[in-house]
Amino acid sequence: MNRKKLLKKALIKYGKLDFKPIYKERQTLGILGIMYQYPDEYEYFYDEQGNILKGFFLGKKFVRQINFYGHERIEKELFLLENREFVVFERREVWTNIESGKTVVRKIAENQSIKWFHL
């Protein structure tokens, strides 16, 4: 699907879009995934002008899982930015063990193709 069609579908499907800051890393604690990191402690992505990059999450696609027990999971995420551009992130979840929670790290994906995402 091309970017113009995807943008049109997103606007129709979601209506008013609430753009939120996109974080680079987040940590949760324990089985319930209780946050122990506050939003003002997050490290965010920034645009060229130095403003926090805000986006609307549109969907994710599973890429791979490493370790038989699922201790590392990698997904691609699609965000629509405030300027109506799309950006694909690679999201990596790492569990050290069940009791200690997980760390989620995002980076901008090298491949910005949106062909795998469907709304």
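All residue numbers refer to positions in the sequence shown, counting from 1.
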Quiz prompt | Interatomic distance, Ile74 atom CD1 to Lys60 atom NZ [nearest 0.5 angstrom] | solution = 13.5 Å

Quiz item: Residues two or more places apart in sequence or in another chain: which of them pass side-chain hydrogen bond (donor to acceptor under 3.5 Å, both in side chains) with Arg84?
Solution: none

Quiz item: Hydrophobic cluster mates of Ile108, side-chain heavy atoms under 4.5 angstrom, ILVMFWY only, any path?
Solution: Ile22, Phe45, Leu53, Phe57, Phe79, Leu81, Val87, Phe89

Quiz item: Quick one: do Lys54 and Glu82 make a salt bridge, cutoff under 4.0 Å?
Solution: no

Self-check item: Inter-residue atom distance Arg64.CZ - Arg73.CZ, 0.5 Å rounding
Solution: 12.0 Å

Practice problem: Measure the shortest side-chain to side-chain distance between Glu25 and Arg92 over non-hydrogen atoms and say whether it is less than 4.5 angstrom. | Solution: no

Quiz item: Can you name the closest pair of heavy atoms from Ala10 and Leu17 and give their distance?
Solution: O-CD2, 4.5 Å

Exercise. Decide whether Val105 and Tyr46 are clustered together by the hydrophobic rule: side chain heavy atoms of Ile, Leu, Val, Met, Phe, Trp, Tyr closer than 4.5 Å, transitively.
Key: no

Practice problem: Taking the side chain as every heavy atom from C-beta outward, state whether Val104 and Arg91 have any pair of such atoms under 4.5 Å apart. | Solution: yes

Self-check item: Atom pair OH/CD1 of Tyr23 and Ile52 - distance to nearest 0.5 Å
Solution: 14.5 Å

Self-check item: Glu93 side chain near Thr103 side chain, heavy-atom distance below 4.5 Å
Solution: no

Quiz item: Under a 4.5 Å cut-off applied to non-hydrogen side-chain atoms, are Phe117 and Lys76 in contact?
Solution: yes

Self-check item: Glu77 and Arg106, any side-chain heavy atoms less than 4.5 Å apart
Solution: yes

Quiz item: Do any N or O atoms from the side chain of Gln112 and from the backbone of Val88 form a donor-acceptor pair under 3.5 angstrom?
Solution: yes

Practice problem: Just jot down the side-chain contact (heavy atoms from CB on, under 4.5 Å) partners of Gln49, sequence neighbours excluded, or say none. | Solution: Asp47, Asn51

Quiz item: Is there a side-chain contact between Leu80 and Tyr14, using heavy atoms and a 4.5 Å cut-off?
Solution: no

Quiz item: Which distance, rounded to the nearest 0.5 Å, do you find between the OH of Tyr44 and the NZ of Lys24?
Solution: 12.5 Å

Exercise. Please report the shortest heavy-atom distance between Ile114 and Phe86, naming the atom on each side.
Key: CG2-CB, 4.3 Å

